[in-house]
Amino acid sequence: MSALLMYCRPGFEKECLAEISAAAAERGCFGWSNLEMHSGFVLFETEQADTAYSLLPSLVFCRDAWPVRQRLQSLNPKDRLSPILSAVEALVAESGVKCFGGVSCEYAEGDAYHATSKFAGKFVNPLRQALRNSGLLTKKENPSLPALRLFFKESSSVLMGVDKPALRSRWPMGVARLKFPPSAPSRSTLKLEEAFIYFLGNDWRQQLENHHTAVDLGAAPGGWTWQLVNHKMYVHAVDNGPMDAKLMETALVDHVQEDGFVWKPKKRVDWLVCDMVEKPARVARLMYEWLHERHADAAIFNLKLPMKKRLHEWQEIKEQLETRIAAEHPDAIFRARHLYHDREEITVYLNLRNQNG
Ligand SMILES: C[S@@+](CC[C@H](N)C(=O)[O-])C[C@H]1O[C@@H](n2cnc3c(N)ncnc32)[C@H](O)[C@@H]1O
């Protein structure tokens, strides 16, 4: 039996499973899982793991995933390496991959798995060396080749598989470790930085260089505005709350003390961002209207999802936006993701002006 190993934010295992189950079922692919809540992973057992894996770019709640090909249990603590290397050889024969570009030893999250995470962190070095000695791993890491992935739930059992570079998360296990800029007024600044990197791709900085104006709805104290100012944009920061004094000294911020659901800019801006704590369907409608009426070219916004109906609420919003997009802006870019820095919320990217389809 094969499976798809999926990573998500601890506490979102149910959403992750329900989302893959629904998407896979549409392709005639069915599976199940014994969920471990707050573990940060879901093992989706299915005969069609490759089909399930190919759905990864469309999933919101899964941070990273790979198909499981081998499972080893009751590893001998005195020699875990030998059976793992034999399994790698079987994997190589089966997958047709001659040489891996990287190897990782991964683990579940949460206190219960702390010891295993330490073990996995140490085990990767001897494993890497052994794989290099056998010519199964490139001398230098090569991210353009498939990587060998191992997952230890405990140090005595391991799941193994091979990923595809095009489907691999740019951060190990989807955990975006970004450095907090000391002058930013709030930690949520990292949410917008992660969103830019994730949605715009490798050349995100160059893309932002061509953008000069932005509106930030629900801006106070200014973490998101800080990101925009950091890219030299002039920002209308809409919020009745106080903005960070240092940020205001940049002279790149116009603090608008108005209701974000009512206020509109006099001239069209390049970016609309929104972090208002409000009903998600109301925020999504507002974002669409802004772009549809050409007040802004593109938007990144947060949807705060209600605890008990996170997936359901998102699916309803998605359906409504998709219906309007199909009728009015069929070439739009519309993507969403539960980012590493998101908590009870997801982040959406909407661009109705997309020229490339
Ligand atoms: C999560 S905080 C924003 C944090 C901000 N993105 C940052 O990085 O510092 C939400 C903000 O939305 C503002 N807000 C909520 N409803 C609003 C409305 N109708 N109009 C304008 N601001 C609103 C609140 O005053 C609050 O400051």
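One-based numbering, in listed order, for ligands and for the atoms of each.
In this structure, Ser169 and Arg63 approach most closely via the heavy-atom pair CB-O, 3.6 Å.
Ring centers of Tyr107 and Phe119: at least 6.0 Å apart, outside the cut-off. When ring centroids are compared, Phe151 and Phe41 come within the 6.0 Å threshold. In this structure, Trp290 has its ring center at least 6.0 angstrom away from the ring center of Phe301. Between His231 and Trp226, the distance from one ring center to the other does not fall under 6.0 angstrom.
Between Gly223 and ligand 1, at least one N/O pair is under 3.5 Å apart. At under 3.5 Å, not a single nitrogen or oxygen of Val277, backbone or side chain, sits near a nitrogen or oxygen of ligand 1. No N or O atom of Asn240 sits closer than 3.5 Å to an N or O atom of ligand 1. An N or O contact shorter than 3.5 Å is missing between Glu278 and ligand 1 by distance. Residue Lys304 has no nitrogen or oxygen atom sitting less than 3.5 Å from a nitrogen or oxygen atom of ligand 1, judged on distance alone. Between Gly222 and ligand 1, at least one pair of N/O atoms sits closer than 3.5 Å.
Ring geometry for Tyr234 versus His236: interplanar angle over 60°, hence perpendicular rather than tilted (30 to 60°).
A heavy-atom separation below 4.0 Å is found between Asp239 and ligand 1. Under a 4.0 angstrom heavy-atom cut-off, Ala219 registers as being in contact with ligand 1. For Glu258, the heavy-atom gap to ligand 1 drops under 4.0 angstrom.
Nearest protein heavy-atom neighbour of atom 21 (C) of ligand 1: Gly260 N, 3.4 Å. Nearest protein heavy-atom contact of atom 8 (O) of ligand 1 is Ser188 OG, 2.6 Å. Looking only at heavy atoms of the protein, atom 6 (N) of ligand 1 is closest to Asp275 OD2, 2.8 Å.
The atoms of ligand 1 that sit less than 4.0 Å from any heavy atom of Trp224 are 6 (N), 7 (C), 8 (O). Each of the atoms 18 (C), 19 (N), 20 (N) of ligand 1 lies under 4.0 Å from some heavy atom of Asp259. Short contacts between ligand 1 and Gly218, defined as distances under 4.0 Å to a heavy atom of the residue, involve ligand atoms 3 (C), 5 (C), 6 (N), 11 (C), 12 (O), 13 (C), 22 (N). If you number the atoms of ligand 1 from 1 as listed, the ones under 4.0 Å from a heavy atom of Ser186 come out as 7 (C), 8 (O), 9 (O).
Of the candidates Pro221, Ser183, Pro185, Pro185 is the only one forming a side-chain contact (heavy atoms from CB on, under 4.5 Å) with Leu247. When the options Trp204, Phe199, Phe334 are evaluated for a ring pair (Phe, Tyr, Trp, His ring centres under 6.0 Å) with Tyr349, the one that passes is Phe199.
Of the possible polar contacts, none joining the Ser104 side chain to the Glu106 backbone as a donor-acceptor pair under 3.5 Å is found. In this structure a side-chain-to-backbone donor-acceptor pair under 3.5 Å is missing from Asp64 to Tyr7.
Taking each of Ala237, Gly241, Ala220 in turn, the one with a heavy atom nearest to atom 4 (C) of ligand 1 proves to be Ala220. Taking only non-hydrogen atoms, the option from Met276, Lys191, Arg282 nearest to atom 15 (C) of ligand 1 is Met276.
Heavy atoms from both the backbone and the side chain of Pro221 come within less than 4.0 Å of ligand 1. When non-hydrogen atoms are compared, ligand 1 lies under 4.0 Å from neither the backbone nor the side chain of Pro185.
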- Message: Run Trp171 and Tyr198 through ring-ring contact (aromatic ring centres under 6.0 Å, His included) and show every step you take.
- Response: CA-CA 10 Å; Trp171 295 287; Tyr198 178 76; 7.3 Å; no

- Query: Between Glu109 and Arg9, does a salt bridge (Lys or Arg N to Asp or Glu O under 4.0 Å) hold up when you go through it step by step?
  - Reply: CA-CA 9 Å; Glu109 288 197 44; Arg9 183 181 183 86; over 6 Å; no

